[in-house]
Amino acid sequence: MAAKWSIAQLDYEIDLDTQEKTVTNIHWECTDKDTAGNAGRTYGTQSIELDEQTPFIPLEAVSEVNAIAWLKLALGADGVSDQEANVAEKIALLKTPVSGSGVPWVV
């Protein structure tokens, strides 16, 4: 199992600091699936600020690889690890549930 990061959407400012269409927020998800088909997912939105480590790229030229790199930089190593661990925990709960819901009678 290896967590997969993907980008659902980018938010951008039309005109920010003389740059056109500057990415400001990344809507992301992190998913994984085990060999039995149990899947886990986390998702969120991360604001980003352009600087030396996150250089401006015109929106039309931003790739998903760029956006994921920006996201992981903004989250930091601990944030990335936390999300991947969260996905793994969700899969583990599917394998060994600790709670449930329903009614004991036949409807």
Side-chain angles (χ1 to χ4, degrees):
M1 295 185 334
K4 179 180 184 251
W5 290 82
S6 60
I7 306 302
Q9 179 175 303
L10 300 174
D11 296 334
Y12 59 91
E13 292 291 325
I14 301 294
D15 187 14
L16 181 67
D17 298 332
T18 71
Q19 303 288 356
E20 292 186 14
K21 296 184 181 175
T22 302
V23 175
T24 55
N25 290 302
I26 299 173
H27 301 266
W28 57 269
E29 72 176 359
C30 179
T31 59
D32 202 354
K33 187 187 304 185
D34 68 10
T35 55
N38 297 305
R41 174 180 178 253
T42 61
Y43 57 91
T45 300
Q46 177 65 47
S47 63
I48 61 165
E49 294 195 24
L50 302 179
D51 56 22
E52 299 81 35
Q53 294 181 332
T54 312
F56 172 77
I57 299 174
L59 180 66
E60 296 78 14
V62 174
S63 68
E64 188 171 30
V65 170
N66 297 131
I68 290 170
W70 289 343
L71 170 63
K72 288 183 173 182
L73 185 64
L75 288 173
D78 288 342
V80 170
S81 294
D82 289 347
Q83 292 304 322
E84 291 177 353
N86 191 338
V87 169
E89 287 173 23
K90 289 179 180 201
I91 293 170
L93 281 173
L94 290 171
K95 291 179 182 179
T96 311
V98 295
S99 63
S101 62
V103 296
W105 57 89
V106 177
V107 180

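Going from atom CG of Asp11 over to atom OG1 of Thr45 covers 7.0 Å, rounded to the nearest 0.5 Å. The line from CD1 of Ile91 to CG of Asp34 is 5.5 Å long, rounded to the nearest 0.5 Å. Interatomic distance, Asp32 CG to Asn86 CG, rounded to the nearest 0.5 Å: 12.0 Å. For the atom pair CD1 of Ile68 and OG of Ser6, the computed distance is 6.5 Å after rounding to the nearest 0.5 Å. Rounded to the nearest 0.5 angstrom, Cys30 SG and Lys72 NZ are separated by 8.0 Å.
Considering only heavy atoms from C-beta on, Ile48 stays 4.5 Å or farther from Leu71 through its side chain. Between Trp70 and Leu10 the shortest side-chain heavy-atom distance does not fall below 4.5 Å.
Closest heavy-atom contact between Leu75 and Gln46: CD2-OE1, 3.4 Å. A pairwise comparison of heavy atoms in Ala67 and Ile7 identifies CB-CG1, 3.8 Å as the closest pair.
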Q: Could you please spell out the steps behind the side-chain hydrogen bond (donor to acceptor under 3.5 Å, both in side chains) verdict for Thr42 and Gln83?
A: CA-CA 7 Å; Thr42 61; Gln83 292 304 322; 3.0 Å; yes
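In the hydrophobic clustering of ILVMFWY residues, with side-chain heavy atoms under 4.5 Å counting as a link, Tyr12 and Val62 come out together. A continuous path of hydrophobic side-chain contacts links Ile14 to Leu59 [ILVMFWY only; heavy atoms under 4.5 Å]. Neither Leu73 nor Val23 shares a network with the other; the hydrophobic side chains, linked directly or stepwise wherever heavy atoms of I, L, V, M, F, W or Y lie under 4.5 Å apart, form separate groups for each.
Among pairs with a residue in residues 77-89, none fulfils salt bridge (Lys or Arg N to Asp or Glu O under 4.0 Å), at least two apart in sequence or across chains. Annotation: salt bridge (Lys or Arg N to Asp or Glu O under 4.0 Å) contacts involving residues 53-69, sequence neighbours excluded, comprise Lys21-Glu60. Among pairs with a residue in residues 27-47, those fulfilling ring pair (Phe, Tyr, Trp, His ring centres under 6.0 Å) read Trp5-Trp28, at least two apart in sequence or across chains.
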